[in-house]
Amino acid sequence: MSIPFHDVPRDLDELRARAAWLAGRSLAELHAALAPRAEAPMRQRKGKTGQLIERALGASAGSLDAPDFVELGVELKTIPIDARGLPRESTFVCTLPLAEVDHAEWRTSRVRRKLAHVLFVPIIGERAGELHSHVGTPVFWQPSAEQESILRGDFDDLLEVIALGRIEALTARLGRWLQVRPKAAHGRVRTRAYGPDDEPIETIPRGFYLRARFTGALLQDPTSVP
DNA sequence: AGCTGATCATAT
DNA sequence: ATATGATCAGCT
């Protein structure tokens, strides 16, 4: 088996065709086709599966702050699912602009830009990145007006807490589809934020995540409103 | 069993 | 240090 394409997809149809081609492939065969000289690890580690699928589809953005398929404006997300088709994990969206919440608004937010057009590639398996895991049915998603209004509501609720200087009181329980959770290499990492009296404070960096309940519904029906 | 808070890996 | 890619593991 070899990958029948090598460059960036030219248009959405080409990306659609590549995504459909991926369905049913195991991580082992993709790994073998893309890294023939690398010794096959027992299993992939954190983040490896996403990078493997990026390469398999010809994503171009690297670690730039841009959609994976820059020309197409499409963001790629691999999502681990179980045999029932339910996500095992939430989906990271982007980091939180803790120091700039004053002038943060939904319309110009990174989270809105990231979620404007997403290609979800489900990975079916027992554990993360196991090489016998295989690709499920890819799903393209663009939020409907109704879905976007719910995301905007979450965003506004979450940002309000931060704008009030209450970041330390912000829990992952807040938000219907979007939530805020720590996003850092380890517990000692700190970033600048502002407290209740606008005083500078140091706190753990946070990120926006999509709840598994929401992405699970999207995989069943991209127009659903769970 | 599902969820939240914590953490791991690579690239720039 | 910050972006990207996420999953781990303890608690409820």
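Numbered from 1 within each chain, the chains take letters A, B, ... in sequence-line order. Values reported hereafter were calculated over all heavy atoms of this structure, with side chains retained and with hydrogens, waters and symmetry mates removed. These numbers come from a predicted model, not from an experiment.
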Could you state the CZ-C1' distance from Phe92(A) to dT7(B), rounded to the nearest angstrom? 13 Å
Any side-chain N or O of Thr95(A) below 4.0 angstrom from OP1/OP2 of dA3(C)? yes
Record whether the side chain of Lys183(A) comes under 3.5 Å of the base of dG5(B) through a donor-acceptor pair of N or O atoms. no
Is there a side-chain polar atom (N or O) of Gln179(A) under 4.0 Å from OP1 or OP2 of dT4(B)? yes
Sorted by position of nearest nucleotide on DNA chain B, 5' first, the leading residue of Leu170(A) and Gln51(A) is Leu170(A)
Atom pair distance, as rounded to whole Å: NZ in Lys114(A) and P in dT4(C): 4 Å
If the plane angle is over 60° it's perpendicular, under 30° parallel, otherwise tilted; pick one for Phe214(A) and Trp141(A). perpendicular
Please check if Ile201(A) and Ile162(A) belong to a single hydrophobic cluster, counting links between Ile, Leu, Val, Met, Phe, Trp and Tyr side chain heavy atoms closer than 4.5 Å. yes
The helix from dA1(B)-dT12(C) to dT12(B)-dA1(C): angle between its terminal axes, five pairs each, to 10°? 20°
Non-hydrogen side-chain atoms of Leu178(A) and Arg211(A) separated by less than 4.5 Å: no
Inspect the contact between Arg112(A) and Glu148(A) and indicate whether a charged nitrogen and a carboxylate oxygen are less than 4.0 angstrom apart. yes
What is the distance, rounded to the nearest whole Å, between atom CZ of Arg211(A) and atom C1' of dT7(C)? 18 Å
Residue met sooner reading DNA chain B from 5', once Arg84(A) and His186(A) are mapped to nucleotides: Arg84(A)
Round to a whole Å and report the spacing from NZ of Lys46(A) to C1' of dT7(C). 5 Å
Which of the following nucleotides, dG5(B), dC8(C), dG5(C), is nearest to the side chain of Lys77(A)? dG5(C)
Contact under 4.0 Å: Arg88(A) side-chain N or O vs dA6(C) OP1/OP2: no
State which of dC8(C), dG5(C), dG5(B) makes the closest approach to the side chain of Ala128(A). dC8(C)
Using a cut-off of 4.0 Å on non-hydrogen atoms, how would the nucleic acid contact of Gly50(A) be classed: base, sugar-phosphate, or nothing? sugar-phosphate
DNA chain C: Arg173(A) or Leu76(A), which has the more 5' nearest nucleotide? Leu76(A)
Provide, to the nearest angstrom, the distance between the CG atom belonging to Leu57(A) and the P atom belonging to dG5(C). 13 Å
Rounding to an integer number of Å, can you tell me how far Phe208(A) CZ sits from dA3(C) P? 13 Å
Any side-chain N or O of Thr78(A) below 4.0 angstrom from OP1/OP2 of dA6(C)? yes
Lys/Arg-Asp/Glu bridge criterion (N-O < 4.0 Å) met for Glu130(A), Lys48(A): no
Would you say Glu75(A) and Leu119(A) make side-chain contact, with heavy atoms under 4.5 Å? no
Are any non-hydrogen side-chain atoms of Gln179(A) and Ser90(A) less than 4.5 angstrom apart? yes
Across the strands shown, which category fits Ala212(A) at heavy-atom distances under 4.0 angstrom: base, sugar-phosphate, nothing? nothing
Using whole Å, report how far CD1 of Ile79(A) lies from P of dA6(C). 10 Å
Base, sugar-phosphate alone, or nothing: which one does Pro205(A) contact when heavy atoms must sit under 4.0 Å apart? nothing
Testing dT4(C), dT7(B), dT4(B) for proximity to the side chain of Arg181(A), the answer is dT4(B)
Nearest heavy atom decides the nucleotide; on that basis, is Arg110(A) or Glu89(A) closer to the 5' end of DNA chain C? Arg110(A)
note: Lys48(A), atom NZ; dT7(B), atom C1'; distance rounded to Å ~ 16 Å
Minimum side-chain heavy-atom gap Thr215(A)-Trp177(A) below 4.5 Å: no
Compare side-chain N and O positions of Arg213(A) against OP1 and OP2 of dC3(B) and report whether any pair is under 4.0 Å apart. yes
Applying ring-ring contact (aromatic ring centres under 6.0 Å, His included), run through Phe208(A) and Phe155(A) and close with a yes or a no. CA-CA 9 Å; Phe208(A) 287 110; Phe155(A) 180 88; 5.7 Å; yes
